[in-house]
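Inspection log for the structure reproduced underneath, given as structure tokens.
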Amino acid sequence: MAVLSTILALAALGVPYHAAAAWGSNGTSSNGTFKHVMMISVDGMHPSDVAKWIALRPQSNISQLIEHAYQYTDAYTSAPSDSFPGTVAQYTGATPRTTGIWYDDTWDWTFWPPSSNCSGPPGANVLFDETIDYNSTELFSGGIDPAHLPQSLVNGTCQPIYPHQRLRVNTIFELITAAGYQTAYTDKHPAYDVVRGPSGTGLTVGYFPEIAAVNTTLSEIIPYDQLHVNAWLDWINATTPVNTTIFNGNLTEVPTLFGGNFQSLSVAQKTIGYDNDTSNSLSAGLIEAFEFVDSSIGAVINDLKAKNLYDDTVIVVASKHGQAPIQRSLYRAIDPTAVNNNTGVPYAWITTDDIALIWLNSSSDTAKCRENLLANATAVGILDVIYGHNLTHSGFGNPQIDPAVPNLIVQPDLGVVYTTSVKDAEHGGLSYDDRVVACFLSNPSFEKKTFNQTVYTTQVAPTVLGLLGIVHPLLQGAASEGVTTLPGFTSLAS
Ligand SMILES: *[C@@H]1O[C@H](CO)[C@@H](O)[C@H](O)[C@H]1NC(C)=O
Ligand SMILES: *[C@@H]1O[C@H](CO)[C@@H](O)[C@H](O)[C@H]1NC(C)=O
Ligand SMILES: *[C@@H]1O[C@H](CO)[C@@H](O)[C@H](O)[C@H]1NC(C)=O
Ligand SMILES: *[C@@H]1O[C@H](CO)[C@@H](O)[C@H](O)[C@H]1NC(C)=O
Ligand SMILES: *[C@@H]1O[C@H](CO)[C@@H](O)[C@H](O)[C@H]1NC(C)=O
Ligand SMILES: *[C@@H]1O[C@H](CO)[C@@H](O)[C@H](O)[C@H]1NC(C)=O
Ligand SMILES: *[C@@H]1O[C@H](CO)[C@@H](O)[C@H](O)[C@H]1NC(C)=O
Ligand SMILES: *[C@@H]1O[C@H](CO)[C@@H](O)[C@H](O)[C@H]1NC(C)=O
Ligand SMILES: *[C@@H]1O[C@H](CO)[C@@H](O)[C@H](O)[C@H]1NC(C)=O
Ligand SMILES: *[C@@H]1O[C@H](CO)[C@@H](O)[C@H](O)[C@H]1NC(C)=O
Ligand SMILES: *[C@@H]1O[C@H](CO)[C@@H](O)[C@H](O)[C@H]1NC(C)=O
Ligand SMILES: CC(=O)N[C@H]1CO[C@H](CO)[C@@H](O)[C@@H]1O
């Protein structure tokens, strides 16, 4: 009785405590403790951004979340780190070599173009962005038009392949719906149907306003992001916004797992950038983006509290990608055709961003291609070209046996972006600025802890299952790559 009243008193004061049923003496969670997990990606947010924001606004909502969080200061998203593989990493626990999801724009030797009926030689661009919508100039674009999807053979039959069918391993959403719970997710294109997983059963509902329908300026992206926030508030009310995609029956309860992203900070990084001072302070534009994100998180927290759900919900803030360069003076735009022109050998496809992925017609040209590119390394802004053994041994997979793996990966110098657009930064590549991301898990019962060791956002997936009491070896990608829960959290081993 005395212990209980102490806990209640501390709780009333907002002092952190260990709920005996939920926490071991070493602070690791037991399974099945929490009823809900909300996963937020603040796209582009580095750990250094979180530190700068907290220093600027110690009373902010993000600061208060971190007061009751396990925070990881050296967390990395997938490599490549673009939005598509970065999202998939958090929901499968695996990286592109296992998931098959390298980028939203790639090549695959077992695909054919849209509407081709799989005729002609195999090998096609696999593009899962706004171009697969019915009409991407409309915010509610009608969803995915199968006529715009690349095709492949499924048991010998030519079929359009939806993003979720392209994924090779299951998602935590699938395991959660299989356990009888409901789920919801929001992101920037209908193509984020990818998180439904190969079975297509992972999402109860989705909400995918098309970002390509708005201009890429902070003033247009904030109202766009507000739609995602409104969806979260609706879900916390067990309702759905107008223009929801109902995949597996309408939502009837507060989802067990719900998630989504913010674009505002990423757009501010790309169109405004950091201050040009020596500490790369948050510029006025980045502060504006942060103000919006922070107040939106505050609205979610208040809503969870009002519905008495806050104590039962873990809020996971893990960004799907960073942004490079943080130091604006390192930025250098290079025409992407500089890569194409310097391969010196026939290629099937080149994806360029702040990385280049190259699929060659003949893998026997691989070493020659690397040599040619390196011969013009300065002009093309190349730091290294990864291929062959190095590709496989660095965990990227083997293009000799996997039709989705590029033959070469060009890692440009930090700050180089292969683009003809006007920008200040980009993401998708392998640099520290691209891959290091904010990662913290918050609940009022968590005593603040900071973990400085290297972790990966793939670890979020099994951790979330552990929090909800679901056995994680069922998570195929994490099991295949030996990915464990984040330090400080335990999972159900079997
Ligand atoms: C932490 O505590 C849990 C639960 O009491 C226990 O199962 C686990 O072995 C402990 N881990 C460490 C590293 O001591
Ligand atoms: C797409 O939507 C825009 C805006 O509503 C409209 O002008 C255009 O005709 C539509 N395109 C197609 C192919 O339906
Ligand atoms: C729903 O989508 C339709 C287009 O399909 C659009 O006209 C309408 O404004 C949208 N409604 C809301 C509330 O978003
Ligand atoms: C392909 O065929 C196998 C064996 O008949 C079957 O188990 C599997 O479900 C089929 N896959 C699809 C996607 O139809
Ligand atoms: C985007 O900007 C252009 C030019 O300023 C403007 O004409 C257009 O209406 C804007 N689009 C949206 C969706 O607001
Ligand atoms: C919550 O849902 C109920 C219906 O279940 C609805 O009447 C109410 O307006 C909703 N509240 C908000 C804030 O959306
Ligand atoms: C789904 O539920 C929402 C309320 O959450 C309701 O407004 C909508 O009409 C329902 N949709 C269908 C197709 O039943
Ligand atoms: C930093 O300097 C660049 C180049 O002079 C300029 O274009 C940019 O606007 C500056 N950024 C900020 C946030 O002031
Ligand atoms: C690459 O070659 C094409 C065709 O010759 C040319 O138009 C383009 O300017 C070249 N790119 C660069 C960066 O030199
Ligand atoms: C490398 O650049 C030089 C000029 O700097 C050019 O003459 C040469 O053709 C380029 N190499 C290739 C393979 O394109
Ligand atoms: C590639 O392999 C060589 C020799 O095995 C090694 O020295 C080099 O560091 C590797 N580079 C990368 C990027 O892995
Ligand atoms: C919800 C849930 O799966 N709970 C499990 C937690 O772990 C214990 C011991 O392994 C199981 O008995 C529970 O079923």
Side-chain angles (χ1 to χ4, degrees), residues 44 48-49 52 56 100 110-111 118 130 133-146 149 151-170 174 186 188-190 196-201 205-214 217-220 223-235 237 239-246 260 264-290 323-333 415 417 419 421-426:
S48 55
D49 299 322
K52 288 170 192 172
L56 202 62
T110 58
F111 274 68
C118 303
E130 67 274 12
D133 298 359
Y134 278 96
N135 188 341
S136 66
T137 67
E138 293 192 356
L139 196 54
F140 294 97
S141 64
I144 298 172
D145 181 352
L149 289 171
Q151 299 184 328
S152 193
L153 299 173
V154 178
N155 281 351
T157 307
C158 183
Q159 288 184 9
I161 304 296
Y162 284 79
H164 74 270
Q165 297 173 301
R166 164 78 166 148
L167 183 56
R168 294 172 177 166
V169 290
N170 62 3
E174 284 173 295
T186 181
K188 64 184 174 182
H189 306 299
R196 294 164 69 199
S199 70
T201 59
V205 294
Y207 184 64
F208 301 115
E210 176 52 70
I211 200 166
V214 302
T217 57
L218 184 57
S219 63
E220 287 197 25
Y224 171 85
D225 272 351
Q226 184 66 48
L227 296 172
H228 290 194
V229 177
N230 294 347
W232 295 329
L233 298 177
D234 280 337
W235 296 339
N237 192 36
T239 59
T240 50
V242 174
N243 290 323
T244 289
T245 307
I246 297 176
S264 297
L265 184 67
S266 176
V267 167
Q269 288 168 323
K270 286 163 68 155
T271 62
I272 300 164
Y274 291 80
D275 256 351
N276 292 311
D277 58 7
T278 49
S279 47
N280 307 305
S281 309
L282 299 178
S283 62
L286 289 179
I287 291 172
E288 187 187 345
F290 254 114
Q323 205 88 247
I326 293 174
Q327 189 183 328
R328 171 67 178 71
S329 59
L330 294 174
Y331 181 79
R332 181 178 162 211
V417 180
T419 183
S421 320
V422 179
K423 321 183 178 185
D424 295 286
E426 208 17 285

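In what follows, residues are counted from 1 in the order of the sequence shown. In each ligand, atom 1 is the first atom listed, and ligand 1 is the first ligand listed.
- For ligand 8, the atoms sitting less than 4.0 Å from at least one non-hydrogen atom of Tyr274 are 13 (C), numbered in the order shown with element in parentheses.
- In this structure, Asp424 pairs ionically with Arg328, as a charged nitrogen and a carboxylate oxygen lie closer than 4.0 Å.
- Asp234 and Thr240 are not linked by any side-chain donor-acceptor pair at a separation below 3.5 angstrom, with hydrogens and angles left out of the test.
- Distance screen at 4.0 Å: atom 5 (O) of ligand 8 has no protein heavy-atom neighbour inside the cut-off.
- Protein heavy atom in closest approach to atom 7 (O) of ligand 8: Arg328 NH2, 3.9 Å.
- With hydrogens and angles left out, the side-chain atoms of Tyr274 and Gln327 include no donor and acceptor closer than 3.5 Å.
- Under 3.5 Å, the side chains of Ser141 and Asp133 contain a donor-acceptor pair of N or O atoms.
- Under the 4.0 Å distance rule, the nearest protein heavy atom to atom 2 (O) of ligand 4 falls inside the cut-off.
- Using a 4.0 Å cut-off to heavy atoms of Asn155, the atoms of ligand 4 that qualify are 1 (C), 2 (O), 3 (C), 8 (C), 10 (C), 11 (N), 12 (C), 14 (O).
- When distances from atom 9 (O) of ligand 8 to the protein are checked, no heavy atom turns up under 4.0 Å.
- By the 4.0 Å N-to-carboxylate-O rule, Glu426 lies close enough to Lys270 to be salt-bridged with it.
- Distance from atom 12 (C) of ligand 3 to its nearest protein heavy atom, with residue and atom name: Asn243 ND2, 3.2 Å.
- Of all the atoms in ligand 8, the ones that sit under 4.0 Å from a non-hydrogen atom of Asn276 are 1 (C), 2 (O), 3 (C), 8 (C), 10 (C), 11 (N), 12 (C), 14 (O).
- Of the N and O atoms on the side chains of Thr137 and Asn135, at least one donor lies less than 3.5 Å from an acceptor on the other residue.
- Using a 3.5 Å distance cut-off with no hydrogens or angles, the side chains of Gln159 and Ser152 do not pair a donor with an acceptor.
- Short contacts between ligand 8 and Ser283, defined as distances under 4.0 Å to a heavy atom of the residue, involve ligand atoms 13 (C).
- Below 4.0 Å from some heavy atom of Val154 lie the following atoms of ligand 4, by number and element: 13 (C).
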